[in-house]
2 protein chains.
Amino acid sequence: MSTLADGMEDYLKKLLTLSVSGYIDIKRKELSGKFNCVPSQVNYVLETRFTLEKGYLVESKRGGKGFVRIRKLQASLENLLDVFLQDILSGQISDDRARGLIQRLYDLKYISLRESRLMEATLDSLTIIKDKSLQETLRGWLLKDMLLMLIKFA
Amino acid sequence: MSTLADGMEDYLKKLLTLSVSGYIDIKRKELSGKFNCVPSQVNYVLETRFTLEKGYLVESKRGGKGFVRIRKLQASLENLLDVFLQDILSGQISDDRARGLIQRLYDLKYISLRESRLMEATLDSLTIIKDKSLQETLRGWLLKDMLLMLIKFA
DNA sequence: TATACTTTGACTATCTTTGACCTTTGTAAA
DNA sequence: TTTACAAAGGTCAAAGATAGTCAAAGTATA
């Protein structure tokens with residue numbers, strides 16, 4: 001049994017795979033109507049499951065002729081770098097962004113599923129570090145070192 | 001006279017033997033309801049009877065539609081784990097020892113060359129930690145979390 | 001009796017769902 | 001053109017639903 005949010009996520013992702021244009025347009029109110037919930041639930045799903053880190057771009061317009069457009073970003077090392085280069089160079093990165101990067105490397109087939117799990121596991125370990133700043137720094141280094149290794153032995 | 005905890009342990013183990021998937025999902029509150037005790041008693045049982053040493057893996061999620069998942073490791077994985085458990089559970093591990101374990105995993109064909117390099121890369125990152133004790137601790141956690149992840153999705 | 005194991009409950013953390021209020025945009029009326 | 005209003009979508013904080021932690025109190029055992 002899954003949550004409303006999970007159901008809506010699956011529904012939207014299915015629509016996306018069926019779409020030829022690479023994006024879908026929805027009406028927030030219609031969608032919430034279909035799932036019998038308040039409209040803002042749609043925003044919750046968008047904010048937690050269709051983030052830039054996860055490879056989605058959400059645009060919208062209010063008022064008459066309003067819409068919510070969800071786009072699955074074409075995975076390429078280029079736009080990956082666009083999104084994450086700043087983090088990687090700065091040597092610090094948040095947990096969310098790190099996981100997003102790993103997910104997208106996997107989408108790209110740049111790493112295997114097992115490799116992505118290994119990388120994610122390293123992020124789990126960091127929770128034992130109390131010092132938040134050290135945590136972010138170490139996360140950055142871990143990612144950087146793992147990426148460099150992958151590149152070196154590609 | 002057997003304790004509440006023993007009863008709960010037996011109940012869960014029975015459910016596990018009946019499960020085809022190799023794991024069971026329960027609701028902490030439902031279970032404690034069935035045994036007429038406080039919810040945290042479930043945690044006590046999990047912590048004392050369904051530990052890694054005993055060949056179990058426990059995952060959970062909070063919030064709406066939350067759950068506790070108990071997984072019984074396959075015998076082959078348990079054996080593999082036995083080899084490393086002592087090191088891993090000690091909580092701290094030296095760099096040499098860690099690299100030895102990784103090499104061993106590779107020799108056993110349990111991980112690929114790339115995976116071994118990935119794991120080694122994480123050890124490299126640790127050098128930025130000044131605190132030697134924290135370094136050793138984190139090394140232990142990294143290894144454990146990575147291995148667990150591999151086991152979980154084996 | 002001392003020690004180890006068990007049980008409880010108050011407090012905390014996390015994830016989801018809801019609803020009241022806010023902002024933007026298109027368009028019909030003035 | 002300007003204005004008013006309806007029709008979107010957005011924000012945010014509170015409520016709801018679970019699970020986790022920890023230490024104190026209770027019980028069994030050596």
Side-chain angles (χ1 to χ4, degrees), chain A residues 1-13 23-54 56-71 94-96 99-100 120 123-124 126-130 132 135, chain B residues 1-13 23-54 56-71 141 145 148:
Chain A
M1 200 179 2
S2 65
T3 63
L4 208 186
D6 290 335
M8 193 178 286
E9 175 187 9
D10 291 346
Y11 172 73
L12 293 173
K13 286 187 171 167
Y23 66 78
I24 55 173
D25 284 349
I26 58 168
K27 297 274 188 190
R28 190 176 77 144
K29 210 168 163 201
E30 274 180 21
L31 184 60
S32 60
K34 183 188 289 274
F35 282 85
N36 256 297
C37 61
V38 295
S40 57
Q41 177 74 0
V42 174
N43 297 51
Y44 174 70
V45 172
L46 293 175
E47 282 156 25
T48 54
R49 278 104 157 140
F50 293 88
T51 61
L52 194 57
E53 288 89 344
K54 292 179 176 159
Y56 297 90
L57 191 59
V58 177
E59 304 158 272
S60 64
K61 210 184 96 176
R62 308 186 187 192
K65 305 278 163 51
F67 63 86
V68 174
R69 176 168 300 167
I70 307 172
R71 196 188 296 274
S94 75
D95 188 75
D96 277 355
R99 285 175 198 278
E120 282 169 358
L123 301 182
D124 295 341
L126 297 181
T127 54
I128 60 159
I129 300 179
K130 282 288 205 55
K132 290 294 173 193
Q135 211 180 90
Chain B
M1 181 178 55
S2 81
T3 64
L4 206 189
D6 290 336
M8 193 177 288
E9 174 187 9
D10 292 345
Y11 172 72
L12 292 173
K13 286 187 172 168
Y23 66 77
I24 54 173
D25 284 348
I26 58 167
K27 297 271 188 193
R28 191 177 78 144
K29 208 167 163 206
E30 274 180 20
L31 184 59
S32 61
K34 182 187 290 273
F35 282 85
N36 258 296
C37 60
V38 294
S40 58
Q41 177 73 2
V42 174
N43 298 78
Y44 174 71
V45 171
L46 293 176
E47 282 155 26
T48 54
R49 279 108 157 134
F50 293 87
T51 62
L52 199 52
E53 295 94 316
K54 295 179 174 158
Y56 297 91
L57 217 52
V58 177
E59 303 157 85
S60 66
K61 202 186 127 190
R62 306 185 189 192
K65 300 284 163 41
F67 62 84
V68 173
R69 176 168 300 167
I70 307 172
R71 201 187 287 273
W141 279 82
D145 284 341
L148 280 186

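Within every chain, numbering begins at 1; the chains are lettered A, B, ... in the order of the sequence lines, protein sequences first and strands thereafter.
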Protein-nucleic acid N or O pairs under 3.5 Å, nucleotides 21-24 of chain D:
none

* Asked: Do the side chain of K54(A) and the main chain of R99(A) share a donor and acceptor less than 3.5 angstrom apart?
  -> no
* **Nucleotide dG10(D), atom P - distance to NZ of K29(A) in whole Å** => 14 Å
* To do: Classify the nucleic acid contact of G66(B) as base, sugar-phosphate or nothing, counting any heavy atom under 4.0 Å across all strands shown.
  => sugar-phosphate
* To do: Please state how far atom CG in D25(B) lies from atom C1' in dA19(D), giving the value in whole angstrom units.
  => 14 Å
* To do: Tell me, please, which residues at least two apart from K27(B) pass side-chain contact (heavy atoms from CB on, under 4.5 Å).
  => E30(B)
* Asked: When you check the phosphate oxygens OP1 and OP2 of dA8(D), does a side-chain N or O of S60(A) lie under 4.0 Å from one of them?
  -> no
* Integer-rounded Å distance: dG20(D) C1' and L46(B) CG -> 11 Å
* **Validation row: V42(B), V68(B) side chains within 4.5 angstrom (heavy atoms)** => no
* Structure fact -> Its 5'-most and 3'-most nucleotides having an atom under 4.0 Å from a non-hydrogen atom of chain A, DNA chain C is contacted over dC15(C) to dT27(C)
* **Length of the line joining Q41(A):CD and dC12(D):C1', which is rounded to integer Å** => 15 Å
* Is the distance from OP1 or OP2 of dT18(D) to the nearest side-chain N or O of K27(B) less than 4.0 Å? -> yes
* To do: Nearest-nucleotide wise, let me know which of L4(A) and K61(A) is further upstream toward the 5' end of DNA chain C.
  => L4(A)
* Going by atom types alone, do S40(B) and N43(B) pair a side-chain donor with an acceptor below 3.5 Å? -> no
* Asked: Any donor and acceptor pair, going by atom type alone, linking the side chain of E53(A) with main-chain N or O of D96(A) inside 3.5 Å?
  -> no
* What distance separates L57(B) CG from I70(B) CD1, expressed to the nearest 0.5 Å? -> 11.0 Å
* Structure fact -> Scanning both residues in full, the closest heavy-atom pair of L31(A) with Y11(A) reads CD1-CE2, 3.6 Å
* **Which residues share a ring pair (Phe, Tyr, Trp, His ring centres under 6.0 Å) with F67(A), sequence neighbours left out** => none
* To do: Just report the end-to-end axis angle for the helix from dT1(C)-dA30(D) to dA30(C)-dT1(D), five pairs per end, to 10 degrees.
  => 10°
* To do: List in chain and number order the residues that pass side-chain contact (heavy atoms from CB on, under 4.5 Å) with Q41(A), two or more places apart in sequence or in another chain; answer none if no residue qualifies.
  => L4(A), A5(A), M8(A), C37(A), V38(A), Y44(A)
* Side chain T51(A), main chain E47(A), donor-acceptor under 3.5 Å -> no
* Answer yes when D6(A) and K65(B) have at least one side-chain N-carboxylate O distance shorter than 4.0 Å, and no when they do not. => no
